[in-house]
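All figures in this text were calculated on a predicted structure; none of them were measured in a lab. For reference, positions follow the sequence shown, starting with 1.
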Amino acid sequence: MASAALEILGLILCVCGTLLEMVACGLPTWKVTAFIEANIVVAQTIWDGLWMSCAVQSTGQMQCKIHDSMLALSHDLQAARALTVISSVMSVIALMVVIAGAQCTNCIKTESVKARVVNVAGVVYIISAIFVLVPLCWMANNIISDFYNPQVPTAKKREIGAALYIGWAATALLLIGGSVLCCSCPASEGSGYSVKYAPTKRATSNGEYDKRNYV
């Protein structure tokens with residue numbers, strides 16, 4: 001029962017992490033306009049994401065444009081695109097592996113094999129979390145470096161957007177959920193005490209039990 005509860009807990013955490021990861025991948029708020037001047041009245045706010053850039057007007061109108069060429073993007077955006085997509089695909093594959101090896105399913109009959117399959121899925125989730133963590137930290141480092149770089153114009157300085165925070169939350173859930181799946185090993189079948197049965201006492205030819213049976 002304990003191992004089954006750990007599997008369910010780890011699966012829930014990993015599924016939530018996968019959903020948050022996909023949301024972070026699709027949001028355009030990886031980089032947000034930094035308001036660092038004295039005048040706080042601005043005409044528009046710029047959002048930069050992996051797939052598009054958006055301009056939000058002060059009136060509430062928003063216009064978005066998809067990036068025309070991938071080769072024209074910066075290296076951090078290109079790496080973030082590739083790693084987040086690979087991480088999402090790995091998370092989906094790990095989900096199917098967990099379902100195949102879960103104790104509540106009958107896809108695999110042997111309990112020891114099912115436990116190993118779930119452990120492998122946990123390792124895949126951990127690798128997926130590392131894949132998505134790399135572009136998040138890389139992007140955040142570039143944003144902070146440009147923000148404090150005096151050579152970068154004020155209009156081009158950006159701040160960390162909400163998508164990065166969502167991505168970090170997804171990474172934490174994937175790491176914790178994957179670790180829980182790696183620890184959800186059922187007890188070995190040979191760990192219990194072996195039960196020994198005494199041989200059945202047989203009656204003699206005259207219908208009485210042999211006295212040696214009582215020694």
Side-chain angles (χ1 to χ4, degrees), residues 5-36 45-56 62 64-67 70 73-99 118-149 152 154 156-184:
L6 286 177
E7 285 184 2
I8 295 174
L9 175 61
L11 182 59
I12 293 174
L13 292 176
C14 290
V15 169
C16 294
T18 302
L19 295 177
L20 289 179
E21 175 188 4
M22 293 180 178
V23 170
C25 180
L27 284 178
T29 54
W30 283 61
K31 300 178 182 179
V32 182
T33 303
F35 303 112
I36 56 179
T45 303
I46 305 299
W47 295 347
D48 293 327
L50 300 182
W51 313 99
M52 65 182 68
S53 295
C54 297
V56 182
M62 182 174 62
C64 296
K65 180 182 179 182
I66 299 176
H67 297 311
M70 180 177 180
L73 299 176
S74 58
H75 296 292
D76 55 350
L77 283 177
Q78 294 180 13
R81 272 189 176 189
L83 291 177
T84 51
V85 170
I86 293 174
S87 177
S88 300
V89 173
M90 291 179 62
S91 298
V92 174
I93 294 175
L95 175 61
M96 294 186 292
V97 174
V98 171
I99 294 176
V118 173
N119 296 152
V120 170
V123 173
V124 174
Y125 271 123
I126 293 175
I127 297 175
S128 174
I130 296 175
F131 272 29
V132 74
L133 180 63
V134 171
L136 292 172
C137 295
W138 188 1
M139 189 79 66
N141 180 66
N142 291 343
I143 293 173
I144 295 173
S145 299
D146 292 340
F147 186 85
Y148 291 107
N149 188 0
V152 177
T154 304
K156 294 185 178 180
K157 290 186 177 182
R158 299 290 185 265
E159 291 183 352
I160 298 175
L164 292 181
Y165 295 103
I166 295 175
W168 282 322
T171 302
L173 291 176
L174 290 174
L175 287 174
I176 297 174
S179 301
V180 170
L181 291 177
C182 290
C183 298
S184 60

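- Judged by distance alone, with hydrogens and angles left aside, the side-chain atoms of Tyr125 form a donor-acceptor pair with the main-chain N or O of Leu95 at under 3.5 Å.
- For the pair Trp30 and Asp48, the minimum side-chain heavy-atom distance is 4.5 Å or more.
- Within the 4.5 Å cutoff, side-chain heavy atoms of Cys25 are placed close to those of Trp51.
- Side chains of Leu50 and Thr84 form a contact here, defined as non-hydrogen atoms less than 4.5 Å apart.
- Side-chain contact between Ser88 and Thr18 is absent, with no heavy atoms from C-beta onward closer than 4.5 Å.
- Not counting sequence neighbours, Arg81 has no partner by the salt bridge (Lys or Arg N to Asp or Glu O under 4.0 Å) test.
- In this structure, the side chains of Ile126 and Leu174 stay at 4.5 Å or more apart for every pair of heavy atoms.
- Between the side chain of Ser91 and the backbone N or O of Ser87 there is at least one donor-acceptor pair closer than 3.5 Å.
- Ile144 is not listed as a side-chain neighbour of Met139, based on a closest heavy-atom distance of 4.5 Å or more.
- Using a 4.5 Å heavy-atom cutoff, the side chains of Met52 and Trp47 are not in contact.
- In terms of modelled atom types and a separation under 3.5 Å, the side chain of Glu159 and the main chain of Thr33 share no donor-acceptor contact.
- Considering all non-hydrogen atoms of both residues, Val98 and Ala121 come closest at CG2-CB, 3.1 Å.
- Rounding to the nearest 0.5 Å gives a distance of 11.0 Å between CG of Leu133 and CD of Glu21.
- For the pair Leu164 and Ile143, the minimum side-chain heavy-atom distance is below 4.5 Å.
- Taken from CG in Leu173 to CD1 in Ile12, the straight-line distance is 11.5 Å, to the nearest 0.5 Å.
- Between Arg158 and Asp146 there is no salt bridge, since no side-chain N of the basic residue sits under 4.0 Å from a carboxylate O of the acidic one.
- Side chain of Ser128 to main chain of Val124: no donor-acceptor pair is present (N/O by atom type, distance under 3.5 Å, no hydrogens or angles).
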